[in-house]
Structures are given as structure tokens and as C-alpha cells.
Amino acid sequence: MKYKKITQNFYGGDTLKVAKALLGKYLVRKYHSKKLAGRIVETEAYVGPNDLASHASRGKTPRNLIMFNGAGYWYVYLVYGLNYCLNVVTEQKDYPAAVLIRALEPITGIEIMIKLRGINDINQLTNGPGKLCQALRINKKLNGTKAFGNELYIEDRGYRVSGRGIKSANRVGVDYAGKYKDKKWRFYLKDCQFVSLR
DNA sequence: TATTGGATCGCC
DNA sequence: GCGATCCAATAG
């Protein structure tokens with residue numbers, strides 16, 4: 001099968017469905033004629049204005065503005081002062097929702113990822129949201145850019161994931177989120193060694 | 001203008 | 001288990 005870039009239209013769907021559908025797709029990063037890629041093995045959904053775990057739960061702010069502007073754009077932010085997190089915005093304009101990319105299986109450009117990460121353990125290269133941003137040189141400059149453009153995008157390479165191959169779990173690091181903290185909105189590939197927490 | 005705490009990571 | 005490190009969000 002020919003590699004097929006995921007279109008903007010795809011991201012406009014239901015966030016939980018998009019979060020699951022992104023498992024097995026490939027995140028591709030291009031810069032300075034270099035190409036890096038990894039298979040997505042873990043995601044989390046942040047859904048709507050009432051989700052207390054979401055940055056958008058207290059309305060529009062300068063940081064989360066991109067979440068309100070319609071599907072198919074990257075939302076990149078700094079957490080804990082030192083790590084970036086990569087999300088793709090989903091659903092309709094004015095309904096804030098996004099999918100956090102939490103872990104990848106490194107596929108292309110592994111030597112470059114090793115340099116960018118400063119470690120050489122393949123298992124530790126991209127098994128967390130901050131780690132994969134470091135490995136793929138993703139930072140705030142990409143915030144607000146197209147997820148269907150040329151610098152950073154997701155493509156379908158024909159890798160199929162069955163429903164039984166997907167596990168659901170609580171989201172990570174959202175204990176402050178009241179009744180939303182126990183939503184099983186984290187999705188990952190069963191038995192995958194590149195998932196962040198197991 | 002000041003304070004608080006976080007969608008994490010890596011080392012102890 | 002805990003410190004790093006900075007900036008967004010909120011309070012005053």
C-alpha cells in the first residue's frame with residue numbers, strides 16, 4: 001500500500017474514536033531534509049469544555065486557543081518547565097478537544113533520535129510524551145501548525161490494529177480532575193514494549 | 001505584580 | 001521518592 005497522509009477531515013471526528021484510530025499510524029517529522037518517524041502506540045483523549053483534565057476546561061486562554069479553532073492542527077505546550085507535549089486538535093470549531101500522542105515505536109531515523117535524546121536505549125527513546133518530542137525535535141515552534149502539512153504529519157502505512165489489540169486505562173497525571181480523573185481515555189497497544197507505563 | 005502548581009523525566 | 005525549571009493561570 002502507498003503511504004497515505006491523514007487528512008484534516010479525519011481529525012474532525014469523535015475524539016475517542018480518533019484517539020483509538022491513531023494507534024498504528026505513523027508520526028512523521030521532517031526538518032533540514034532529515035526524516036524521522038515512529039509508529040503511534042499510545043494516545044490520550046481530552047474531550048470538550050467540561051473535561052476537568054483538559055487545559056480547555058476553564059475556557060479559552062492564550063495557551064489553549066488552538067484547541068478552539070477547529071480540527072487538524074498541532075497543539076504543543078511546555079509542561080513542568082522542561083518537557084513538550086504534542087497533541088492534535090479534533091472535532092468542530094469552538095468545541096475544544098485534542099488527542100495527546102504519548103508514545104511511539106521508533107522506526108525511521110533512529111540514529112538521529114539517539115543523538116537528540118542523548119541516550120542509546122531504543123526502549124527509552126520515545127516511550128513518553130516529553131521523550132518523543134525530544135526525539136523528533138518537536139517544540140513550541142510547531143504549535144498551531146497543520147497536522148496535514150509537511151513538517152510534521154501522520155500517515156497510514158497499512159498497519160492494521162484490531163479492537164482486541166487496544167487497551168484502555170486512566171489518563172496519566174490528572175489526579176486533580178475530579179470525576180474526570182477516572183475516565184478510561186488513555187489507549188495503547190496491548191503487549192507493546194514502547195508504551196510509557198505498563 | 002506575586003504566587004502556585006503542572007497532560008514529565010531522570011536520578012536518588 | 002524527589003528535584004529540575006519555567007511559564008500559564010489566578011489572585012491580589
Pick from A:I40, A:L16, A:L22: which one makes a side chain to side chain contact (heavy atoms under 4.5 Å, CB included) with A:F187? A:L16
C:dA9 P sits how many Å from A:M67 CE, rounded? 12 Å
Nearest-Å distance, CZ (A:F187) to P (B:dA7)? 19 Å
When you check the phosphate oxygens OP1 and OP2 of B:dA7, does a side-chain N or O of A:Y176 lie under 4.0 Å from one of them? yes
For A:K5 and A:N150, test the side chains for any donor-to-acceptor distance below 3.5 angstrom and give the result as yes or no. yes
What is the distance, to the nearest angstrom, from the CG atom on A:L197 to the C1' atom on B:dC9? 11 Å
Phosphate OP1/OP2 of C:dA8: any A:H55 side-chain N/O under 4.0 Å: no
Would you kindly compare A:N83 and A:R58 by the position of their nearest DNA chain C nucleotide and give the one closer to the 5′ end? A:N83
A:L132 CG to B:dA7 P, straight-line distance once rounded to whole Å: 16 Å
Looking for any heavy atom pair under 4.0 Å, which part of the strands does A:R63 touch: base, sugar-phosphate only, or nothing? sugar-phosphate
Rounded to whole angstrom units, what separation is found between the OH atom of A:Y80 and the P atom of C:dC2? 15 Å
Can you measure A:L78 atom CG to B:dG5 atom P for me and round it to whole angstrom units? 18 Å
Below 4.0 Å: OP1/OP2 of B:dC9 and any side-chain N or O of A:R117: no
Is A:I122 close to A:P106 at the side-chain level, that is, under 4.5 Å between some pair of heavy atoms? yes
Any side-chain N or O of A:T61 below 4.0 angstrom from OP1/OP2 of C:dA8? no
What integer number of Å spans the P atoms of B:dA2 and C:dT5? 22 Å
Per A:P62 side chain, nearest of listed nucleotides C:dA9, C:dC6, B:dA7: C:dA9
Once you round it to whole Å, what is the distance between P of B:dC9 and CG of A:N127? 8 Å
Looking across every strand, which nucleic acid part, if any, lies under 4.0 Å from A:K140 by heavy atom: base, sugar-phosphate, or nothing? sugar-phosphate
For C:dT5, give the paired nucleotide (Watson-Crick: N1-N3 plus N6-O4 or O6-N4; G-U: N1-O2 and O6-N3; both under 3.5 Å), or none. none
Is it possible for you to check whether A:R171 lies under 6.0 Å from the centre of the six-membered ring of A:Y180, through NZ or CZ, and within 45° of that ring's axis? no
Quickly work out the A:R171 CZ to B:dG6 P distance and round it to whole Å. 15 Å
Quick one: does A:Y77 reach the base of B:dA7 with a side-chain donor-acceptor pair under 3.5 Å? yes
Any side-chain donor near an acceptor of the partner, A:N170 and A:K184, under 3.5 Å: yes
